Amino acid sequence: MQEEKSLNFIEEIIEEDLKSGKYTTILTRFPPEPNGYLHIGHAKSICLNFSLAKKYGGATNLRFDDTNPITEDTEYVDSIKEDIQWLGFQWVNEFYASDYFEQLYEFAVTLIRKGLAYVDDSSSEKIASEKGSHTEPGIENEFRSRSIEDNLQLFEEMRNGKYEDGAKVLRAKIDMASPNMHFRDPVMYRIKHAHHHRTGDAWCIYPMYDFAHGQSDSIEKITHSICTLEFIPHRPLYDWYIEHLEIFPSHQYEFARLNMTYTVMSKRRLLQLVNEGMVNGWDDPRMPTISGFRRKGYTPSSIRTFCDKIGVAKRDNLIDLSLLEFCIREELNQSAPRTMAVLNPVKLIIDNYEDGVSEEMILENLPNDAENVRSVSFSKELWIEQEDFMEEPMKKWFRLAPGQMVRLKSAYIIQCESFKKDDSGKIIEIHATYIPQSKSGNDTSGLKVKGTIHWVDAKNAATAEVRLYENLFIAENPAAAEGDFKDYVNPHSLEIKTAFIEPQLTKAKVGEHFQFMRNGYFCVDPDSKEGQPVFNRTVGLKEGFKSTQK
RNA sequence: UGUCCCAUAGUAUAAAGGUAGUACAACAGAUUUUGAUUCUGUCUGUCGAGGUUCGAAUCCUCGUGGGACAACCA
């Protein structure tokens, strides 16, 4: 039984449009600019656009908004396509705004002919100052009254490369006194003698976002053009161009972009992190990029679930990172095999266990699945976690401490007898005795212990590099924090360790997940070599024990 | 001192004028061979003031608070 899920406001609009017969089928689009990698905020938009189309039997176009050759690159085009497909979505058409450059040029000529556009020779500074302010109207300059013929000729000359960058722009002639700043004769075309990643040197004039986006939607007959809130003031202009060009009336709808605690979503800042070497590239597991989450071990379904849970609305939001973590934990808890790995080892010696003897212990790979088991060797010397031993235990400490008993997972109950320290006071060796009757599976000891700890047989333990990631940012809302965002970069966001692992784990394959018991969920990194896995911590376990407890 | 958008628990998100619900978080209890998981429970909410109405989270007015907008970026 599927529970009826309520509609978000965009679904309501679509259902209304379908019901009224305004549209018989819907078409959405996802329109990234190829100037960076996609991040989790884009995932929200991708999930929204593709799911909406799927839900209502429509389709989604992928359209690259590549109208600014300076910042764009095919590397980004490729990564964007990969990320969308990895998330589990497929577009019907792959389009580029640059596909429409010729048509957009004709649209511009149409507006000039209608007396609705003019070539302005002013500098960008002059245009900016003539625009006025929120409280003062702008002023109309002398170029605004150029004849249609002059404008036609000048615009053609702009296209033909007669002028330098910045010498002239084409502007829409709307209203220099409009309360909407975007209506104060917005720039339609600017001159950029720059190489474009797709059109090469075919053009030296490029349309602005406002003169490209709506028309591109219209050319593709997009019915619902869904974007983020900051484009609300652009909507009247979007409509104005479509109205005066008399083309297919696509409509724009806006939703609030995703903000997440301890996460920076600004492409500009993410680029800065990459360029300044503060992370190891766009797919660094600390990055909030889709490729970063992928590498860290997040699954596409966990991200889709997250996007579904956060909802769609128009109010500004700041989502708890813990919700995303919940989504991946919930999934990995079902699927990730448990395995014992010791990240901060200390030697445990079982004094009354016979030297040179080994036993095979049977461990479940997943809880409550007695069929799915493996065998792990056990002998006199083991590695256990430093954190599982306390010299002076706090109240309610269930794990190892002098004189205290714990169970070694799937093996014996032991009692700590003594420990050794090195000169610096660090504990280097723990001695214990085991209870032979307490063997897991046929425990006749009658003992009950509260703590269970994991271990790895020192005799045949393998080693592996593990990478522990903490939040890259220490500010709850880095976007709103005062000062330079770099002040909020966490210098301890990456910790690399060599862990002892069960020997068969060396066969783990790239992308495989494991739960390293109390240490959390890990995923094999693509950097791994055959037989030498490198593990990224995907997410820690939910912390039940408060170490601050007295 | 402009125009526009928004306002429901700590965080998000529902409730098409008719019982304010759900998830995450937090807390508590039970179970547990990892203080996890699992299960049960608790906690906290309609920004304010008026109005319309039998009835308002929802509609209207005025406030208040937050956000966006003056790139030859998207």
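Please read these numbers as outputs of a predicted model, since none were measured by experiment. Lettering of chains follows the sequences in order, A, B, ..., and the numbering in each one begins at 1.
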For [N] versus [M], give the span between their [atom1] atoms, rounded off to a whole number of Å.
N      : M      : atom1 : answer
B:rU40 : B:rA25 : P     : 16 Å
B:rA28 : B:rG65 : C1'   : 36 Å
B:rC24 : B:rA14 : C1'   : 15 Å
B:rG50 : B:rU64 : C1'   : 14 Å
B:rU11 : B:rC43 : C1'   : 15 Å
B:rU46 : B:rU58 : P     : 12 Å

How long is the line joining [atom1] of [X] and [atom2] of [N], in whole Å?
X        : N      : atom1 : atom2 : value
A:Arg235 : B:rU3  : CZ    : C1'   : 13 Å
A:Asp175 : B:rC69 : CG    : P     : 21 Å
A:Gln515 : B:rG35 : CD    : C1'   : 13 Å
A:Asp73  : B:rC73 : CG    : P     : 18 Å
A:Glu385 : B:rA36 : CD    : C1'   : 15 Å
A:Phe545 : B:rU37 : CZ    : P     : 16 Å
A:Ile226 : B:rA74 : CD1   : C1'   : 18 Å
A:Met394 : B:rG35 : CE    : P     : 14 Å

Residue set satisfying ring pair (Phe, Tyr, Trp, His ring centres under 6.0 Å) with A:Phe155, at least two apart, ordered chain then number -> A:Tyr105, A:Tyr189

By ring pair (Phe, Tyr, Trp, His ring centres under 6.0 Å), A:His251 pairs with (sequence neighbours left out) none

Of the options [options], whose atoms approach the side-chain atoms of [X] most closely?
X        : options                : answer
A:Phe231 : B:rU11, B:rC6, B:rA74  : B:rA74
A:Ile127 : B:rA12, B:rC72, B:rC73 : B:rC72
A:Asp65  : B:rG67, B:rU3, B:rA74  : B:rA74
A:Glu230 : B:rA68, B:rA25, B:rG35 : B:rA68
A:Met208 : B:rA71, B:rU33, B:rC24 : B:rA71
A:Ser124 : B:rC72, B:rU13, B:rC73 : B:rC72

Short side-chain to backbone donor-acceptor contact, [X] and [Y], under 3.5 Å:
X        : Y        : value
A:Arg304 : A:Ala43  : no
A:Arg537 : A:Asn519 : yes
A:Thr289 : A:Trp282 : yes

Looking only at side-chain N and O atoms, does [X] come under 4.0 Å of OP1 or OP2 in [N]?
X        : N      : answer
A:Arg338 : B:rU37 : no
A:Lys192 : B:rC73 : yes
A:Thr67  : B:rA74 : yes
A:Arg518 : B:rU33 : no
A:Lys542 : B:rA26 : yes

Item to check | Between A:Asn68 and A:Asn35, a side-chain donor and acceptor under 3.5 Å | outcome: no

Has the side chain of [X] got a donor or acceptor that lies under 3.5 Å from a partner of the other kind on the base of [N]?
X        : N      : answer
A:Arg315 : B:rG67 : no
A:Thr135 : B:rU1  : no
A:His234 : B:rA74 : yes

Under 6.0 Å from the six-membered ring centre of A:Phe545 and within 45° of its axis: does the NZ or CZ of A:Arg399 meet both? yes

Note to self: Just to be sure I understand the rule, does A:Trp397 reach a base, reach only the sugar-phosphate, or reach nothing, if contact means heavy atoms closer than 4.0 Å?
What the structure shows: base

Using a cut-off of 4.0 Å on non-hydrogen atoms, how would the nucleic acid contact of A:Phe398 be classed: base, sugar-phosphate, or nothing? base

- Would a 4.5 Å heavy-atom cut-off, applied to side chains only, mark A:Lys314 and A:Leu229 as touching? yes

**Message:** A side-chain contact here means heavy atoms from C-beta on lying under 4.5 Å apart; do A:Lys168 and A:Ile205 qualify?
**Reply:** no

Taking for A:Lys168 and for A:Arg407 the nucleotide of RNA chain B with the nearest heavy atom, the one nearer the 5' end belongs to A:Arg407

Practice task
Kindly say whether the aromatic ring centers of A:Tyr206 and A:Phe101 come within a distance under 6.0 Å.
Solution key: yes

Applying side-chain hydrogen bond (donor to acceptor under 3.5 Å, both in side chains) to A:Tyr96 and not counting sequence neighbours gives A:Glu94

Across all chains, not counting sequence neighbours, the side-chain contact (heavy atoms from CB on, under 4.5 Å) partners of A:Arg338 are A:Asn333, A:Leu366, A:Pro367, A:Gln515, A:Met517, A:Tyr521

If one requires at least 3 consecutive Watson-Crick or G-U pairs with distances under 3.5 Å, the stems of RNA chain B turn out to be B:2-7 with B:64-69, B:10-13 with B:21-24, B:26-30 with B:38-42, B:47-51 with B:59-63

Note: contacts of residues 181-188 of chain A with RNA chain B (heavy atom, under 4.0 Å) are A:Met181, A:His182, A:Val187

### Task
Evaluate whether the aromatic ring of A:His134 and the six-membered ring of the B:rU3 base sit under 5.5 Å apart, centre to centre, with an inclination under 30°.
no

